[in-house]
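Reviewing the structure listed below.
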2 protein chains.
Amino acid sequence: MDTWLDEKQKAAWVRLAAVLELLPAALDSQLRRDAQLTHFDYFVLAMLSEAPNRTLRMTALAELTTATLARLSHVVQRLETRGLLERFPCPEDKRATNARLTGAGWQKVAESAPGHVATVRENVIDALSPEQVAQLTDIADAILHRLDPDRARAAIYERYD
Amino acid sequence: MDTWLDEKQKAAWVRLAAVLELLPAALDSQLRRDAQLTHFDYFVLAMLSEAPNRTLRMTALAELTTATLARLSHVVQRLETRGLLERFPCPEDKRATNARLTGAGWQKVAESAPGHVATVRENVIDALSPEQVAQLTDIADAILHRLDPDRARAAIYERYD
DNA sequence: CGCGATTAGTTGTTGCTACAACCTAGCTCG
DNA sequence: CGAGCTAGGTTGTAGCAACAACTAATCGCG
């Protein structure tokens, strides 16, 4: 448990830090350009598109998207204005709000998914060998154990993007 | 070259996407809390602290930090206001601006580095075996080749954080 | 059954980032 | 040598995210 990182650790960290900076920017800019959506917007719509009845409670959606409720609330508001989803009070629990994908929202996901997946392929998956893909899975999993110890959001790890 | 990802690829991507969301947030919040600095602010100061005379031209600093000049300009302006660095015209090229770390800036880096490195250790390095650290280096490198094909910013990969 | 604590969500403000417009200094080539 | 082009930066604006304050509904427990 030294304070500093040794050379090999630095090499890994510096590269990871660069990926952390560049990859989200690349994903965002492709989706913005081709679908007028941020990556987070897309992710929200994608999660809804896979949910039963294309509907989820705000809290559930927040967990799936790794976001705070406050952030999600703002985003959902904008997406609702654009007609991509709609909100309605949850019948079982009057505190809760449900978000449901509209037809237009479904279509938006269908249209934009191929381009997004292609970007993920080009920049990540196709850059790696199958062994590296497996290694990456384990590495990311180990990091997530530290970042999210109680696996509160474990659900997401089973799901598609 | 299919359109979709297979199960193993999805597993890797979903986890990486979660890391991309959570890790920067974790780094930012530690530095904000303990040093009133964003991770990007810290990185800027750290790069200057290692440069000859603690001075760099804006363009060079932008490359090292993987940022646009516009973004850097705003950040440097704020850091200058806080007295952590200073700007002055470059004597050799009158178009250019140099940024130099002040004493206060140096001290800020010295104070905050251990806490930051500890966070990187806790969440990343110490979560991985030495083999995984090596694997991560290669994986991140492969991804960076796609994101940054001409290696315009290759300099950074040699440096410490 | 009623009062405090918790859960669910919204909204306002502030700060950072992206994008585009702009300006000045140096370079290049007829 | 000067007209246009490129390089190096700055600034303004608009949009998204973090944080904190707030409301309303429900739970829990004496």
Side-chain angles (χ1 to χ4, degrees), chain A residues 20-33 35-45 55-82 85-100 152, chain B residues 20-33 35-45 55-82 85-100 152:
Chain A
L20 253 31
E21 191 70 33
L22 294 173
L23 187 49
L27 298 173
D28 263 354
S29 81
Q30 181 270 325
L31 278 166
R32 255 172 206 288
R33 175 167 44 81
Q36 295 73 248
L37 248 34
T38 64
H39 184 241
F40 187 77
D41 290 339
Y42 173 83
F43 206 95
V44 166
L45 298 179
T55 302
L56 282 171
R57 283 169 58 154
M58 291 293 284
T59 301
L61 191 51
E63 284 185 2
L64 288 173
T65 57
T66 331
T68 62
L69 223 31
R71 180 183 179 188
L72 184 64
S73 184
H74 284 291
V75 170
V76 163
Q77 195 172 44
R78 291 188 290 259
L79 294 173
E80 186 173 34
T81 304
R82 293 170 63 182
L85 56 76
E86 53 198 351
R87 277 186 287 190
F88 60 95
C90 174
E92 291 89 19
D93 186 337
K94 290 186 184 168
R95 292 172 301 182
T97 305
N98 283 337
R100 180 169 47 208
Chain B
L20 253 31
E21 190 70 32
L22 293 174
L23 187 50
L27 297 173
D28 263 355
S29 82
Q30 181 270 325
L31 278 166
R32 256 172 207 290
R33 175 167 45 79
Q36 295 73 249
L37 248 34
T38 64
H39 183 241
F40 187 75
D41 290 339
Y42 173 83
F43 207 95
V44 167
L45 299 179
T55 302
L56 283 171
R57 282 168 59 153
M58 292 294 283
T59 301
L61 191 51
E63 283 184 4
L64 288 174
T65 57
T66 332
T68 62
L69 223 31
R71 180 184 180 188
L72 183 64
S73 183
H74 284 291
V75 169
V76 163
Q77 194 172 45
R78 290 188 291 258
L79 293 174
E80 187 174 33
T81 304
R82 293 170 64 182
L85 57 76
E86 52 196 355
R87 276 186 288 191
F88 60 97
C90 176
E92 292 87 19
D93 186 338
K94 290 186 183 167
R95 293 172 299 181
T97 305
N98 283 338
R100 179 169 48 208

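Just so we're on the same page: letters track the sequence lines, and every chain starts at 1. Every value quoted in this text rests on a predicted model; they were computed, and no experiment measured them.
For the pair B:N98 CG and D:dG9 C1', the interatomic distance rounds to 12 Å; values are reported in whole Å. Between the CZ atom of B:F88 and the C1' atom of D:dG8 there is a distance of 15 Å, rounded to whole Å. B:L79 places its CG atom 9 Å from the P atom of C:dC16, with the value rounded to the nearest Å. As rounded to whole Å, 12 Å separates atom C1' of D:dA7 from atom CD of B:E63. Rounded to whole Å, atom C1' of D:dG8 lies 8 Å from atom CZ of B:R57. Atom-to-atom, CG of A:L31 to C1' of C:dA18 comes out at 16 Å; the value is rounded to the nearest Å. In this structure, CG of B:L61 is placed 14 Å from C1' of D:dG8, rounded to the nearest angstrom. Remark: C1' of D:dG9 and CG of B:L56 are 16 Å apart, rounded to the nearest angstrom.
Contact between B:T55 and B:F88 at its shortest, heavy atoms only, is CG2-CZ, 4.0 Å. What you find for B:C90 and B:R57 is that their closest heavy atoms are SG-NH1, 4.2 Å. Nearest heavy atom pair, residue A:L31 against residue A:H39, reads CD1-CA, 3.7 Å. In plain terms, the two heavy atoms of A:P24 and B:L20 that are nearest each other are CG-CG, 4.0 Å. Considering every non-hydrogen atom in both B:A35 and B:R82, the closest pair reads O-NH2, 4.1 Å.
The only member of B:T81, B:V75, B:V76 that meets side-chain contact (heavy atoms from CB on, under 4.5 Å) when paired with B:R78 is B:V75.
In this structure, the side chain of B:T65 engages the main chain of B:L61 through a donor-acceptor pair within 3.5 Å.
Considering only heavy atoms from C-beta on, B:N98 stays 4.5 Å or farther from B:R87 through its side chain.
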Reading 5' to 3' through nucleotides 11-16 of chain D, protein heavy-atom contacts under 4.0 Å coded B for base, S for sugar-phosphate only, - for none
BB---S
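Summary of the strand contacts: A:S29 and A:A60 both lie near DNA chain C, and taking for each the nucleotide with the nearest heavy atom, the more 5' one is attributed to A:A60. Of the residues near DNA chain D, B:A25 and B:D93, the one whose nearest nucleotide (by heavy atom distance) lies more toward the 5' end is B:D93.
Of the listed nucleotides (C:dG9, C:dG26, C:dA8), C:dG9 has the atom at the smallest distance from the side chain of A:M58.
With a 6.0 Å cutoff to the six-membered ring centre and a 45° limit on the axis angle, A:R71 counts as a cation-pi contact of A:F40.
Between B:T97 and D:dT10 there is a side-chain polar atom (N or O) within less than 4.0 angstrom of OP1 or OP2.
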Please convert DNA chain C into dot-bracket. A pair counts if it is Watson-Crick or G-U wobble with both distances under 3.5 Å; crossing pairs go in [ ] and bases paired with another strand get |.
||||||||||||||||||||||||||||||
